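Here is the structure we will look at.
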Amino acid sequence: MIFPSQGSLSTIIGKRKALIARGIIEALERAKAAGEIHYALVPEFVVEIPRELSHGDFATNAAMLLAREAKKSPRDIAKIILKNFPQQILPLKEIEIAGPGFINFRLGDNWLPQCFGEILAIGENFGCSEIGRGKKIQVEFVSANPTGELHMGNARGAAIGDTLASLLKAAGYLVEKEFYINDAGNQIEKFGFSLEARYLQELGEDIPFPEDGYHGEDILKTMKDLIERDGDKYKNIDSALRRELLTQYGLEKKLASIRETLALFGVEYDVWFSEQSLHDSGAVAQTVKALEEKGCVYTKEDALWLACTGFGEEKDEVLVRANGVPTYYAADIAYHDNKFKRGFDQVINIWGADHHGHVARMKGAMEAMGYNRDRLHVILMQLVRLYRGGEIFRMSKRTGTYITLAELIEDVGKDAARFFFVMRSPDSQMDFDLDLAVSQSADNPVYYVQYAHARICSILEAAKGEGLDIAAINKGEIKLNRLEHPSELALIRKMADFPDEIIYSAHHYEPHRIAAYVQELASGFHNFYAHCRVLGEDKELSLSRLALAKMTAITLKNGLNLMGVNAPEKM
RNA sequence: GCGCCUGUAGCUCAGCUGGAUAGAGCAACGGACUUCUAAUCCGUAGGCCAGGGGUUCGAAUCCCUUCAGGCGCGCCA
């Protein structure tokens, strides 16, 4: 019995936790058989690394959780566990009962250097695991309307989604990243009218711009480009045809621009999926028909409704409007049906908080379609609020005043921007101070982490002239027990936790944890650097420390890369 | 009115599957470069975890409630 919080059997820390957990369970079973304690089932206790060093290497709360059922004090139960604990299960130096009933385990003195040996043997791929082997997960994110530029909300989604996908991949899942192109529906119509108005205005016609159109400068620029290329060849044709041609051109341009900007942001997709294709292929109609056949729909006021209330939702929703046009909702159901038909075990969507009303509807619709609603998971990000000059800077597509992702990348840089977005939990509303981001970007924690990496690279470079047998590191022929300084041991401990950290972050869909992790690891290294000189007279020690530094660099790099952040060798 | 998110140090935020003395960065203050990058390190100070009630051995964490902020509640997407 291994609980999720105990990590993976296959990881360095995870397997030690698992051994201790097994020992505790054995001890309890043994005590139960001997009549020393009474309980039905072993509770879901945790084995964790205590924050406080004096609390040992690992600690468990098992005794406290059993107290009520076993009708004994936690400390008495701890005594019983301790007495029956199979000591041969792993090399222990000490077990003690502490506080209200914690059991603290202290492993042999050299366990951390041993961990380091195991890490060293893994090398470049350190951090990856096979937990998710055989499971297919799709992460869909950004999916911005192709009618304008990417804004801060899209940027946050891009950073979170891309990092989450990387984490899942590192945990062994088969991952596909997807961008859903909303190239159908009302906003495309509006897009067409906006393009047409700008086009004709630019050609000297005095016509009004649609009030609810897209006022952005980019629309005008797109049309100027078209005029430069094709002149006024669309001026004197049928309006509907003109809008169709202009829309087609505009969509292509916008998508290309979105794709390019995301690439600059380090985001590459596996699939770009068109909403229009669902209409063209008849998939939307088929989905509506399928729901009809399942008896989940009814007609009211000439519209076709999905009886969502039957699936625990607040109210029913329209699938097909009275005018016969299917809603976005109907298309989205068809889209998600398509996702599951592609064989994904789990589908993750990253949406802005303003879409939260859509979450329950979609899950309900999935249930109506016969899928387990939990196979769809939606991460809602709270909105990004921009500050400039100490005031809230409103993003508005209507007025065209917004900061684009492209501008952000130019001002702040990809690395800092991505780190900044990933750092925050999606749940927290984010205040993005543009002045601060631009003027004081050196304060961004990303540089702290990158600096640690660059420092190590500098040491590795310097080591070349020291006559050290660097090849011995790769062969695992270094003296592990020379690593004994508290800062060295703390660094190893932090590093050893990396694979479990990835698994945890992946399983809980919490990419921000990895940002915190790399900061802590960098801190561990800087502390080690301040206390221990790597290159020195003692060649054996130098080599051991060099190996530690090198492995730290690999871990930092792997961690940063998960976030799409570079690990520079020089700064 | 109903629903979702948030409220933790001066500021920005972690911690929330209940655990030991609530953490980090920035800002403040005091120290550390003749040596592998000082974009660093070490130390000090800073908290009724929004308020109130409950659950229990134990609550920042779970439940109820009040207050404050954000976002939703379309035959928009």
Side-chain angles (χ1 to χ4, degrees), chain A residues 3-5 44 46 48 50-52 54-55 59-61 64-65 67-68 73-75 98-102 104 143 145 147 182 184-188 190 212 275 300-305 314-315 317-329 331-332 352-360 380-383 385 420 423-431 433 436 440 442-452 454-463 465-466 487 508 512-513 515-516 519-520 522-523 525-536 542 545-546 549 570-571:
Chain A
F3 306 114
S5 53
E44 287 206 17
V46 287
E48 60 182 2
R51 187 196 308 270
E52 187 65 41
S54 64
H55 294 151
T60 184
N61 61 348
M64 291 181 287
L65 293 174
R68 193 182 319 175
S73 82
R75 290 190 71 103
F102 287 99
N104 297 337
S143 300
N145 276 338
T147 53
N182 296 120
N186 277 343
Q187 87 280 9
I188 292 298
K190 266 198 293 188
D212 58 348
E275 178 187 353
K300 190 178 86 182
E301 291 164 5
D302 294 332
L304 195 65
W305 295 70
E314 275 177 40
K315 54 191 174 115
E317 301 286 338
V318 171
L319 283 177
V320 183
R321 302 178 181 99
N323 63 9
V325 178
T327 58
Y328 174 84
Y329 181 47
D332 220 16
D354 52 338
H355 284 67
H356 97 256
H358 196 48
V359 176
L380 285 176
M381 318 175 282
Q382 294 303 310
L383 303 181
R385 209 163 44 170
F420 196 84
M423 214 165 59
R424 260 72 180 192
S425 152
D427 282 340
S428 75
Q429 191 184 337
M430 211 179 137
D431 290 340
D433 187 327
L436 193 76
Q440 296 184 25
D443 286 340
N444 196 306
V446 68
Y447 298 111
Y448 179 83
V449 181
Q450 288 181 324
Y451 183 60
R455 259 185 159 178
I456 298 171
C457 291
S458 169
I459 298 173
L460 293 172
E461 193 59 33
E466 292 280 319
S487 68
H508 292 259
H512 66 278
R513 292 181 61 102
Q519 287 181 76
E520 285 160 16
S523 167
F525 175 76
H526 285 311
N527 186 275
F528 157 73
Y529 183 90
H531 290 101
C532 302
R533 199 181 157 78
V534 176
L535 306 173
S542 293
R545 287 180 169 168
L546 199 60
K570 281 198 172 81
M571 281 178 77

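Please read all numbers here as calculations on a predicted model, not as lab measurements. Numbers restart at 1 for each chain; the letters A, B, ... are given by sequence-line order, proteins then strands.
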* Spacing of the C1' atoms in B/C49 and B/U8 (rounded, Å) -> 4 Å
* When the C1' atoms of B/G51 and B/C57 are considered, how many whole Å apart are they? -> 27 Å
* Rounded distance (Å) that lies between atom C1' of B/G15 and atom CD of A/E52 -> 16 Å
* Please report, rounded to the nearest Å, how far the P atom of B/A14 is from the NE2 atom of A/H508. => 17 Å
* If you measure from the P atom in B/G23 to the same atom in B/G46, how many Å do you get, rounded? -> 14 Å
* Determine, step by step, whether A/K190 and A/N186 satisfy the side-chain contact (heavy atoms from CB on, under 4.5 Å) criterion, reporting the C-alpha distance in whole Å, the side-chain angles of both residues, the deciding distance to 0.1 Å, and the verdict. => CA-CA 6 Å; A/K190 266 198 293 188; A/N186 277 343; 5.7 Å; no
* **G-U wobble or Watson-Crick pairing nucleotide for B/C62 (cut-off 3.5 Å, both distances)** => B/G54
* To do: In whole angstrom, give the distance that lies between atom CZ of A/F420 and atom P of B/A24.
  => 20 Å
* Rounded distance in Å between the C1' positions of B/U17 and B/C62 -> 11 Å
* For the side chain of A/Y447, starting at C-beta, report the closest nucleotide among B/U6, B/C41, B/A39. => B/A39
* **Base-pairing mate for B/U37 - Watson-Crick or G-U, with both contacts under 3.5 Å** => none
* With sequence neighbours left out, write down each residue that passes salt bridge (Lys or Arg N to Asp or Glu O under 4.0 Å) with A/E275, or none if nothing qualifies. => none
* To do: Between A/Y448 and A/S428, name the one whose nearest nucleotide on RNA chain B is closer to the 5' end.
  => A/S428
* **Whole-Å P distance, B/G31 and B/G58** => 47 Å
* To do: Round to the nearest Å and state the distance from A/Q382 atom CD to B/G3 atom P.
  => 17 Å
* Asked: With a non-hydrogen cut-off below 4.0 angstrom, is A/C457 in contact with a base, only sugar-phosphate, or nothing?
  -> nothing
* Asked: For A/H526, which contact category applies under a 4.0 Å heavy-atom criterion: base, sugar-phosphate, or nothing?
  -> sugar-phosphate
* How would you label the contact of A/A452 with the nucleic acid (heavy atoms, under 4.0 Å): base, sugar-phosphate, or nothing? -> nothing
* A/F525 six-ring face occupied by A/R455 cation (under 6.0 Å, within 45°) -> no
* **Position toward the 5' end of RNA chain B (nearest nucleotide), A/A462 or A/A98** => A/A98
* Structure fact -> Regarding B/C33, purine or pyrimidine glycosidic angle vs 90° from 0 gives syn
* **With sequence neighbours excluded, residues passing salt bridge (Lys or Arg N to Asp or Glu O under 4.0 Å) with A/E466** => A/K539
* Compare the minimum distances between each of B/A38, B/C57, B/A20 and the side chain of A/R68, then state the nucleotide with the smallest one. => B/C57
* Please work out if A/R513 contacts a base, only the sugar-phosphate, or nothing of the nucleic acid, heavy-atom cut-off 4.0 Å. => nothing
* What nucleic acid atoms does A/A59 come within less than 4.0 Å of, heavy atoms only: base, sugar-phosphate, or nothing? -> base
* When the distance from CD of A/E520 to C1' of B/G23 is rounded to whole Å, what number comes out? -> 9 Å
* For nucleotides B/C36 and B/U44, find the distance between their P atoms and express it as a whole number of Å. => 28 Å
* Please measure how far the C1' atom in B/A20 lies from the corresponding atom in B/G72, and state the result in whole Å. => 41 Å
* Asked: Can you check the A/R533 CZ to B/U40 P distance for me, whole Å?
  -> 20 Å
* Asked: Would you say the side chain of A/N104 and the base of B/A20 hold a donor-acceptor pair, judged only by whether the two atoms sit under 3.5 Å apart?
  -> yes
* To do: With heavy atoms under 4.0 Å as the rule, sort A/S425 into base, sugar-phosphate or nothing.
  => sugar-phosphate
* Which nucleotide in the list B/A20, B/U37, B/C41 gets nearest to the side chain of A/A530? -> B/C41
* To do: Can you check each nucleotide of nucleotides 72-77 of chain B against protein heavy atoms at under 4.0 Å and return B for base, S for sugar-phosphate only, - for none, in 5' to 3' order?
  => SSSBSB
* Could you check whether A/D332 gets within reach of a base, just the sugar-phosphate, or nothing at all, counting any heavy atom under 4.0 Å? => nothing
* **Side-chain donor/acceptor of A/H55 to backbone N/O of A/R51, under 3.5 Å** => no
* Asked: Within the structure shown, what part of the strands sits under 4.0 Å from A/D427 by heavy-atom distance: base, sugar-phosphate, or nothing?
  -> sugar-phosphate
* To do: In whole angstrom, give the distance that lies between atom CZ of A/F528 and atom P of B/C42.
  => 14 Å
* Please state the P separation for the pair B/G15 and B/U37 - nearest whole angstrom. => 35 Å
* Do the two ring centres, one from A/Y448 and one from A/Y451, sit under 6.0 Å apart? -> no
* How many Å lie between NE2 on A/H512 and C1' on B/A24, as a whole number? -> 13 Å
